[in-house]
Amino acid sequence: GINAEYGLLVPLLSHATSPTQLSENTALYHEQLEHGESRQYVLHNLTPGELYEFKVSYPATRPFTFTITFSDTLTEELPQRKLLDIEKEEFVPSTDTLYVTVTAHDYRRAIKRAPYVPYSVYYERVHNGVPAQAYKLIAWLCLLVPGAVVLSQWIFRNWYDFKHEHDS
């Protein structure tokens, strides 16, 4: 369950019947699924009509793919998409609560069965087609790139002046 006031995540076991609750911008790490196994997550306090991304990340060394399904209720299913390695699925909720089912598929099952796949899940709001997390990276780049240019020019000028002082 989750304590919504503090955004604390407490993962439920994969065989639990209750969905695991996720908070926006809070990753849930070290989840595990076996071939054909599913886990359901519930996203609360969504803003209807806003665009969000739901992400599943897992090691590329594991021969798994994922199917992700969105639903407004525990039984209704919305369109699904297969995921590879690190993928995202954008969605626009029509209510403030959405259920997300993640299912693991071992695509090499007939050759050599992998016991399970570890993965992480995360979701965030998207603004103007850009995930909220990317705005932090853009802000850092806007600060660091001009700073690096100024620093490199200062180093070059001082090195150039120093070299010419000693050459004469």
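Source: prediction; values computed, not measured.
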Peer 1: Begin with the C-alpha distance, continue with both residues' side-chain angles, and end with the deciding distance and a verdict on side-chain contact (heavy atoms from CB on, under 4.5 Å) for V42 and T97.
Peer 2: CA-CA 7 Å; V42 62; T97 300; 3.6 Å; yes
Peer 1: Using every non-hydrogen atom in the two residues, find where P118 and P59 come nearest and quote the distance to one decimal.
Peer 2: O-CD, 3.2 Å
Peer 1: To the closest 0.5 Å, what do you measure between CG (L143) and CD1 (I138)?
Peer 2: 12.5 Å
Peer 1: Considering all heavy atoms of both residues, which atom of P48 and which atom of S94 are nearest to each other, and what is their separation?
Peer 2: CB-O, 3.7 Å
Peer 1: What pair of heavy atoms forms the shortest contact from P93 to T47, and how long is it?
Peer 2: CG-O, 3.8 Å
Peer 1: Can you measure from NE2 (H44) to OG1 (T95) and round to the nearest 0.5 angstrom?
Peer 2: 10.0 Å
Peer 1: Would you say S38 and T103 are linked by a side-chain donor-acceptor pair, where the criterion is simply a distance under 3.5 Å?
Peer 2: yes
Peer 1: What distance separates H30 NE2 from Y119 OH, expressed to the nearest 0.5 Å?
Peer 2: 13.0 Å
Peer 1: Answer yes if the ring centres of Y58 and F66 are under 6.0 angstrom apart, and no otherwise.
Peer 2: yes
Peer 1: Looking at side-chain heavy atoms only, is the closest gap between E89 and F70 below 4.5 Å?
Peer 2: yes
Peer 1: Within the structure provided, determine whether T20 and L28 are in side-chain contact (heavy-atom separation under 4.5 Å).
Peer 2: yes
Peer 1: Rounded to the nearest 0.5 Å, what separates atom CD in E50 from atom CD in E24?
Peer 2: 9.0 Å
Peer 1: Using 0.5 Å steps for rounding, measure from the OG atom of S23 to the CD atom of E124.
Peer 2: 14.0 Å
Peer 1: Looking at every heavy atom in both F64 and E34, which two are closest together, and how far apart are they?
Peer 2: CE2-C, 4.3 Å
Peer 1: Could you check E31 against Y41 for side-chain hydrogen bond (donor to acceptor under 3.5 Å, both in side chains), going step by step and ending with a plain yes or no?
Peer 2: CA-CA 12 Å; E31 296 285 276; Y41 300 91; 2.8 Å; yes
Peer 1: I'd like to check the ring-ring contact (aromatic ring centres under 6.0 Å, His included) partners of Y123; sequence neighbours left out, ordered by chain and number.
Peer 2: none
Peer 1: Where the side chain of Y122 meets the backbone of E53, is there a donor-acceptor pair that is under 3.5 Å apart?
Peer 2: no
Peer 1: Mind checking whether V92 and V126 sit in one hydrophobic cluster, side chains of I, L, V, M, F, W, Y counted as touching below 4.5 Å?
Peer 2: yes
Peer 1: Does F91 belong to the same Ile/Leu/Val/Met/Phe/Trp/Tyr cluster as V121, with side-chain heavy atoms less than 4.5 Å apart forming each link?
Peer 2: yes
Peer 1: Ignoring hydrogens and angles, tell me if any N or O in the side chain of R39 forms a donor-acceptor pair with the backbone of Q32 under 3.5 Å.
Peer 2: yes
Peer 1: If we only count heavy atoms from C-beta on, is the R125 to H127 side-chain gap below 4.5 Å?
Peer 2: yes
Peer 1: Report the hydrophobic cluster partners of L151, with the cluster defined as I, L, V, M, F, W, Y residues connected by side-chain heavy atoms closer than 4.5 angstrom, directly or transitively.
Peer 2: W154, I155
Peer 1: Can Y52 be reached from L43 by stepping across I, L, V, M, F, W or Y side chains whose heavy atoms are under 4.5 Å apart?
Peer 2: yes
Peer 1: Find the distance between CG (L98) and CG (L22) and round it off to the nearest 0.5 Å.
Peer 2: 11.0 Å
